[in-house]
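Shown next, in structure tokens, is the structure this report addresses.
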Amino acid sequence: MPSVWNSEHFKAHIQPLRYKTKLYLEGAYTEIGINKNEVYLYLGPANHDLTRIGSDARVVDSEGNRYTIDKAEKIMLQDKCLYIWAVIRKTTEAPV
């Protein structure tokens, strides 16, 4: 059984991701319809580095919504990390 680690609570900004080039993310077609991929922009503090955690990690917001991390990057100014930028995707999977 994998070990479970939780960080302390912290503030971050999560908002729906919109493409200015009009290339919107398409839903995945299934037998019963379209499964919309809810994709969000995450902006969080530098001391909560999403680039260092594994693919099985999840971001959980204050309402209990869970997100997988598609891509995360550090935003740097010279040698200092200012904040973490990420693309996260809402998931309905049950917590482990």
Side-chain angles (χ1 to χ4, degrees):
M1 183 171 187
S3 64
V4 176
W5 176 84
N6 292 307
S7 78
E8 67 276 2
H9 291 137
F10 63 95
K11 291 186 179 185
H13 181 77
I14 296 174
Q15 74 176 44
L17 186 60
R18 304 281 186 241
Y19 289 94
K20 292 183 179 184
T21 62
K22 304 291 185 200
L23 295 174
Y24 297 100
L25 292 175
E26 295 289 329
Y29 289 91
T30 66
E31 290 182 18
I32 59 172
I34 297 176
N35 177 20
K36 292 196 177 213
N37 295 322
E38 295 186 60
V39 180
Y40 296 84
L41 171 65
Y42 165 98
L43 300 174
N47 61 339
H48 289 275
D49 188 355
L50 299 187
T51 67
R52 298 184 60 186
I53 57 179
S55 61
D56 59 341
R58 300 294 178 260
V59 173
V60 181
D61 68 17
S62 60
E63 295 178 358
N65 297 311
R66 298 170 56 79
Y67 304 86
T68 58
I69 303 164
D70 285 358
K71 179 177 183 174
E73 293 181 6
K74 295 178 183 180
I75 303 303
M76 306 290 290
L77 177 62
Q78 296 177 352
D79 292 335
K80 181 177 178 165
C81 181
L82 300 176
Y83 62 94
I84 304 297
W85 171 95
V87 174
I88 60 176
R89 188 176 305 268
K90 191 178 276 190
T91 182
T92 57
E93 68 186 17
V96 176

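All figures in this text were calculated on a predicted structure; none of them were measured in a lab.
Applying side chain to side chain contact (heavy atoms under 4.5 Å, CB included) to R66 and the options D61, T92, T91 leaves one that passes, T91.
Taken from CG in D56 to OG1 in T68, the straight-line distance is 11.5 Å, to the nearest 0.5 Å. The distance from atom NZ of K74 to atom CG of L82, rounded to the nearest 0.5 Å, is 12.0 Å. Residue I88 holds its CD1 atom at 11.5 Å from CZ of R58, rounded to the nearest 0.5 Å. Between the CD1 atom of I84 and the CZ atom of R52 there is a distance of 10.0 Å, given to the nearest 0.5 Å. We find the CE-OH distance between M76 and Y83 to be 12.5 Å, quoted to the nearest 0.5 Å. Rounded to the nearest 0.5 Å, atoms CH2 (W85) and OG1 (T51) are 12.5 Å apart.
Of all heavy-atom pairs between A46 and C81, the closest is CB-O, 3.3 Å.
Between Y67 and Y40, the angle of the ring planes goes over 60°, which puts this pair in the perpendicular group of the 30/60° scheme.
L50 and V60 fall into different hydrophobic clusters, defined by Ile, Leu, Val, Met, Phe, Trp and Tyr side-chain heavy atoms under 4.5 Å apart, directly or through other members.
A 4.5 Å side-chain heavy-atom check between K11 and H48 finds every atom pair outside the cut-off.
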